[in-house]
Amino acid sequence: MNAKVEVIPGKSEDFVSRLKQEWRQYVIYVGFIVIFIFFSLTLSDKGFLDPNNLLNIVRQTAMIAVMAVAMTFVLSCGEIDLAVGAVAGLVSVTTAMSLAKFGLVGGIFGGLLTGVVVGSVNGLLTTRVGIPSFLVTLAMMGIARGSAMWISNTAAIPILDKTYYFSFGSGNIGPVPILLVWALVIAFIGHIALRKTTFGRKVLATGGSETAARFTGIKTHNIKLQVLIISSVAAAIAGMLYAGRLRSGRFQLGEGDELSVIAAAVLGGTSLFGGSGSVIGSIVGALMIGLINNGLILMGLEFSQQLIARGVIIVLAVMVARSRK
Amino acid sequence: MERGLSCGGAGQHQKEYEIKCSGCVGWSLPYRALVNTKLVHNEMSQADQQSVDAVAMIGIAKAFGGVAALEHVDFSVQKGEIHALLGGNGAGKSTILKMLSGVHKPDKGEIWINRIKLEEHTPEAARRLGIAMIFQEMSLIPSLSVAQNIFLTREPKGAIGMLDDRAALKESRVLLEKIGVNLDPRRRVDSLSSGQRQLTEIAKALSQQASVLIMDEPTSTLSSAEIDHMFEFLDRLKKSHASIIYVSHRMEEIRRISDRVTVIRNGRNVMTKAVAETTLDQIVEEIVGRRVGAFERKARIAKQGEEVLRCVKVTAKPRPIEASLTVRAGEIVGIAGLMGSGRTSLAKSIFGLQPVTSGEIRLKEKVVKIGAPSEAVEAGIAMIPEDRLTQGLVLHHSVADNMSLPVIDRNSRFGFVEEAKEKALVAQYINQLRVKTASPQKPVRTLSGGNAQKVVLAKWMATDPLLLILDEPTAGVDIGSKTEIVEIVRKFADRGRAVLVISSEPAELLALSDRILVMAGGRVVREIKSEEIDGWAASSTDTAHRISLMETGLQVAIQEANA
């Protein structure tokens, strides 16, 4: 009896204390809205609110968003993947080449296989050999980019298969760009996987405290291996989307994306130290980066200035989101 | 002692085979008798025979690298019993616990848990049989909620195989209520107090059908209100036939909560008795034992000089509380106390690792404000931390580099290290402290514990500090190096330096200190002068006996301080 009476006042108190504790997790959404309103007011005459411009933002950020979903898992389990951008570039090339040789199915298969192979190598080196994923994926970044340059002779490989480039990147369903569909579907799968499956729970546990997770009977090495494979496969999908959008495979595609992807995840409230993550946050983080890029271009800043402004904004945002304790 | 082996009244079994004991009603565990082991049916009381053992460890032996940690230990815990397991540092307690929880495999002997033999020595297997070790926050994921932690890897699932956090929450509520813990299962573990975390761990263990809980120093991080709550809780658990193995250094707690007590010394079970049938002195005596060849307490020629350190009511959060002490030049002052008594916190406050909220620290009678370790070093204070391997040394750097690091500025000119000077210094210390290393260029991690500790000592003695603070200077060090380290510290003090020693090993404190301060609950509660220490041993002239008398005296003093 007594205990029950105590629980009820505990609830409302708890809500306030939870809000106090967790408001920073939601600051990204507020930030997103604030930046959106700011650009709407200042850049309305430059066509910021034009539906075409907004859809362009979506098209530009879809690949980052896809990779950021997987990066949420990687960071949540306490690892990092720096190779995603380079893998996207490599996959755009392998997909284009296998499309030309084996047709549609072969092309898609070739792209995904590249992702699985790279991810397995990353994961096995990290978990079985014990090299930190930071180093493994840093090395893989060079290997993937180099391989892409080598096999393509640094030339763009055109994609002529209409079905392919319609469904991977260039097409629209009514007014909706197919890229948005891809990003939403992957975000949905990612969100459910992280929040609603035992796999997601194990990922969070592994990153939260690896010793404790192992003691609870979680095979943390396997979890990490799987997560690194997922990350490379997501990068492969992003590479295939790049290839579809540009109707060609090029080794330069995805260059520098790793930083945008990690920034998107961290902006969205995923901890760089593992243990907590939010797929929706990462998606919003990716959109926010796209939004900032777009706004800065419309403002007429030079590329050099854009880089500086983007860096400053990301640091500020992460500071607000992370300054716990 | 032989209770674990007694069986059947058959007298003698010559061959190795499985025996079912038919004589004892309650003891029907089958077990493997060793070849030529004489089995004697000893006089077990009727009550004993009726009771059921939740844990039976029989003839356990274990050695690490040729050094015996346990020799033929029998240990049993009954259903519905709280059994205290006691012993000094390195006595073999933790080896027993690790064996029981499947971390180590015994070299000899067998382990039965709830009448089933532990065949596969893994943590998973032990857990399946009902053993749960309550680690200090070890098995919880800080970023998950209480409910998520309780059901980790066994999450309730909804219709299409998705996690049903609501069901987990509901079940957690029921579970927590059933065991009488008032805790909101939605809270994240990193927002809980240590007591709440331990309760969460226990709830998790119980939800996995654990029947034997192992608790290692569960109260060291708890407040006294939390301890009361915990004890009530353990009492209720016991009544529901759970068994609890309880490890603690606080005798008061042992008396309060446990039914039986087992003392391990030098890898052997030296006593198993009902708590009601024994006394504090008796328990302490068994823990301490009669040590032969341990270090002696030698009277130092007291050439004490001026006051070097004076703490006046130094307070920091959460400990120490109004701690006052003085250390003179040439004097070695020991600080005794249980874990969590504030010994280390006091040292940290003096060394600038923990901000002092009130009170003052004087060095050579001048008030100093020390906000960071660098300022402490500048003021002439050196501290050798408890966890020397991570805090005191750069493990993959060479012996020479480690020794010369604190004086690198003194040994360089225009930013270039003067190698000749450095070499000479390093050679001098390696020689003086008898550091056993193949070469000064060998990385420190290749050294033994004792030698690594000597490198730490050298490192700080090179700075020639006014005051040297040592936190557990010989923990994890072999006995030979221990005596050497004690000798080094004494010589250092003889040079007119002040030394403050913190240790949980009474023998070490007694061997080193001119005076011993006892801390409890963050306060310095007692000062033991040299004469009083000698007084404890006045009744004997035999060295070994004198040492154990002094140790008993100090242990009792620490227990009294905590009562």
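Given the structure is predicted, the values throughout are model-derived calculations rather than measurements. Below, chain A is the first sequence line, B the second, and so on; all start at residue 1.
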(request) Kindly compute the distance separating NZ (Lys202(A)) from CD (Glu155(B)), expressed to the nearest 0.5 Å. (result) 7.5 Å
(message) Take a 6.0 Å sphere around CZ of Phe188(A) and say whether it holds more than 12 heavy atoms from other residues, nucleotides or ligands.
(response) no
(request) Counting only heavy atoms closer than 4.5 Å, note whether Thr197(A) contacts chain B via side chain, backbone, both or neither. (result) backbone
(message) So Arg201(A) and Leu144(B), do their side chains get closer than 4.5 Å, heavy atoms only?
(response) yes
(request) Search all heavy atoms of Ser143(B) against all heavy atoms of Leu204(A) and return the closest pair with its distance. (result) OG-O, 4.2 Å
(message) At a 4.5 Å cut-off on heavy atoms, which part of Leu152(B) comes close to chain A: side chain, backbone, both, or neither?
(response) both
(message) Taking every non-hydrogen pair under 4.5 Å, which of Met133(B), Gln148(B), Glu124(B), Lys157(B) racks up the most with chain A?
(response) Gln148(B)
(request) Using non-hydrogen atoms and a 4.5 Å limit, figure out which bit of Arg154(B) sits close to chain A: side chain, backbone, both or neither. (result) neither
(message) Does any part of the side chain of Thr198(A), heavy atoms only, come nearer than 4.5 Å to the side chain of Thr153(B), both counted from C-beta?
(response) no
(message) Counting only heavy atoms from other residues, nucleotides and ligands, does the tally under 6.0 Å from NZ of Lys62(B) exceed 12?
(response) yes
